[in-house]
Amino acid sequence: MHQFASSTPLRTAVCQLVRLIPAGSVATYGQIAAYAGSPRAARQVGAVLAGLPQDTPVPWQRVINAAGAISPRAKAGAVEIQRMLLEEEGVSFRSDGTVDLHKHLWHPEEASH
DNA sequence: TGCATGACTCGAG
DNA sequence: CCTCGAGCCATGC
């Protein structure tokens, strides 16, 4: 039997951080990587999300690239599914298919406000 | 132990 | 403003 989700520090951090992103907001791979402690490991963030099971509690759809677009990937149709999930959460897309980060980018505001 | 890989980024042209 | 290229770095074999 193959071992799917082997445990790694980055994977643990990424999953917990992504779960903090509220519906209606999005974060970038680089942003998550930075909060996870590795600002230069944006690509690894994508790799972690790619390895999540279908029934994961992690809202992976809320992570997009720095250009505000949904990163293309091998799995056909995955991009459309992600966009649909985001629109259902209230995220609006421009005609060119990008998200207005100034409007939807996640601003982690810990407690105390 | 070393090397190829990729849901990324950013700067130059 | 858009496209292209080279850097980066944790993972898996």
Side-chain angles (χ1 to χ4, degrees):
Chain A
M1 189 53 120
H2 300 290
Q3 188 61 46
F4 288 103
S6 57
S7 166
T8 67
L10 187 64
R11 170 171 289 151
T12 301
V14 170
C15 289
Q16 302 211 350
L17 285 167
V18 174
R19 286 210 266 192
L20 298 178
I21 306 172
S25 292
V26 297
T28 65
Y29 297 99
Q31 182 180 15
I32 296 300
Y35 282 113
S38 301
R40 301 297 179 183
R43 306 179 77 150
Q44 273 42 252
V45 173
V48 169
L49 298 182
L52 294 172
Q54 300 182 352
D55 62 354
T56 181
V58 180
W60 54 269
Q61 71 273 22
R62 297 173 193 160
V63 185
I64 60 180
N65 63 39
I70 293 175
S71 292
R73 35 193 186 296
K75 184 69 175 179
V79 174
E80 297 183 339
I81 292 175
Q82 184 170 0
R83 173 171 175 158
M84 180 192 77
L85 289 172
L86 288 175
E87 293 186 311
E88 288 182 9
E89 296 181 349
V91 175
S92 56
F93 286 73
R94 296 201 185 84
S95 56
D96 65 353
T98 65
V99 173
D100 183 344
L101 294 181
H102 288 295
K103 180 181 180 182
H104 297 288
L105 185 65
W106 176 45
H107 294 293
E109 298 173 39
E110 303 315 316
S112 72
H113 158 277

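Being a predicted model, the structure only gives us computed values, none of them experimental. Just so we're on the same page: letters track the sequence lines, and every chain starts at 1. Values below: every heavy atom of this structure, side chains too, minus hydrogens, waters and symmetry copies.
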Quiz item: Rounded to whole angstroms, how far apart are CG on N65(A) and P on dC10(B)?
Solution: 10 Å
Self-check item: Close side-chain approach of R19(A) to P59(A), heavy-atom, < 4.5 Å
Solution: yes
Can you pull every protein N or O that's under 3.5 Å from an N or O on nucleotides 7-9 of chain C?
residue	atom	partner	partner atom	Å
dG7(C)	O6	R43(A)	NH1	2.9
dG7(C)	N1	R43(A)	NH1	3.4
dC8(C)	N3	R43(A)	NH1	3.3
dC9(C)	O2	Q44(A)	NE2	3.0

Could you pull out all donor-acceptor pairs under 3.5 Å where a side-chain atom in residues 63-80 of chain A meets a protein atom, sequence neighbours excluded?
residue	atom	partner	partner atom	Å
N65(A)	OD1	A67(A)	N	3.0
N65(A)	OD1	G68(A)	N	3.2
N65(A)	OD1	A69(A)	N	3.0
N65(A)	ND2	A69(A)	O	3.2
N65(A)	ND2	S71(A)	OG	3.2
R73(A)	NH1	S71(A)	O	2.8
R73(A)	NH1	Q82(A)	OE1	3.4
R73(A)	NH2	Q82(A)	OE1	2.7

Quiz item: Going by number, which of residues 14-37 of chain A have a non-hydrogen atom under 4.0 Å from DNA chain B?
Solution: T28(A), Y29(A), G30(A)
Exercise. Residues of residues 67-88 of chain A with any non-hydrogen atom less than 4.0 angstrom from an atom of DNA chain B: list those, numerically ordered, please.
Key: S71(A), P72(A), R73(A), Q82(A)
Quiz item: For DNA chain B, which residues in residues 55-64 of chain A have a heavy atom at a distance below 4.0 Å?
Solution: W60(A)
Quiz item: Which part of the nucleic acid, if any, lies within contact of A66(A), taking any heavy atom under 4.0 Å across all strands shown: a base, the sugar-phosphate backbone alone, or nothing?
Solution: sugar-phosphate
Self-check item: Closest contact, heavy atoms only, E89(A) versus A23(A)
Solution: OE1-CA, 3.9 Å
Quiz item: Which pairs with one or both residues in residues 91-108 of chain A pass salt bridge (charged side-chain N to carboxylate O under 4.0 Å, His left out), sequence neighbours excluded?
Solution: R94(A)-D100(A)
Practice problem: Taking side chain to side chain donor-acceptor pair (under 3.5 Å) as the test, write out the residues that go with E87(A), two or more places apart. | Solution: R83(A)
Quiz item: Could you walk me through whether H104(A) and S92(A) pass the side chain to side chain donor-acceptor pair (under 3.5 Å) check?
Solution: CA-CA 8 Å; H104(A) 297 288; S92(A) 56; 3.2 Å; yes
Practice problem: Could I get the full list of side chain to side chain donor-acceptor pair (under 3.5 Å) partners for D55(A), not counting sequence neighbours? | Solution: none
Quiz item: Within the side chain of T56(A), is there an N or O that forms a donor-acceptor pair under 3.5 Å with the backbone of V58(A)?
Solution: yes
Exercise. Report yes if at least one side-chain N or O of S6(A) is closer than 4.0 Å to OP1 or OP2 of dG12(C); otherwise report no.
Key: yes
Exercise. With sequence neighbours left out, write down each residue that passes side chain to side chain contact (heavy atoms under 4.5 Å, CB included) with A27(A), or none if nothing qualifies.
Key: I21(A), Q31(A), I32(A), W106(A)
Quiz item: Taking T12(A) for the side chain and T8(A) for the main chain, is one N or O donor matched with an acceptor at less than 3.5 Å?
Solution: yes
Exercise. Could you tell me whether L49(A) contacts a base, only the sugar-phosphate backbone, or nothing, with contacts defined as non-hydrogen atoms closer than 4.0 Å?
Key: base
Practice problem: Could you list the residues that satisfy side chain to side chain donor-acceptor pair (under 3.5 Å) with R43(A), not counting sequence neighbours? | Solution: none
Quiz prompt | Side-chain donor or acceptor of R11(A) paired with backbone N/O of S6(A) under 3.5 Å | solution = yes
Quiz prompt | Partner residues of A33(A) under the side chain to side chain contact (heavy atoms under 4.5 Å, CB included) criterion, sequence neighbours left out | solution = V45(A)
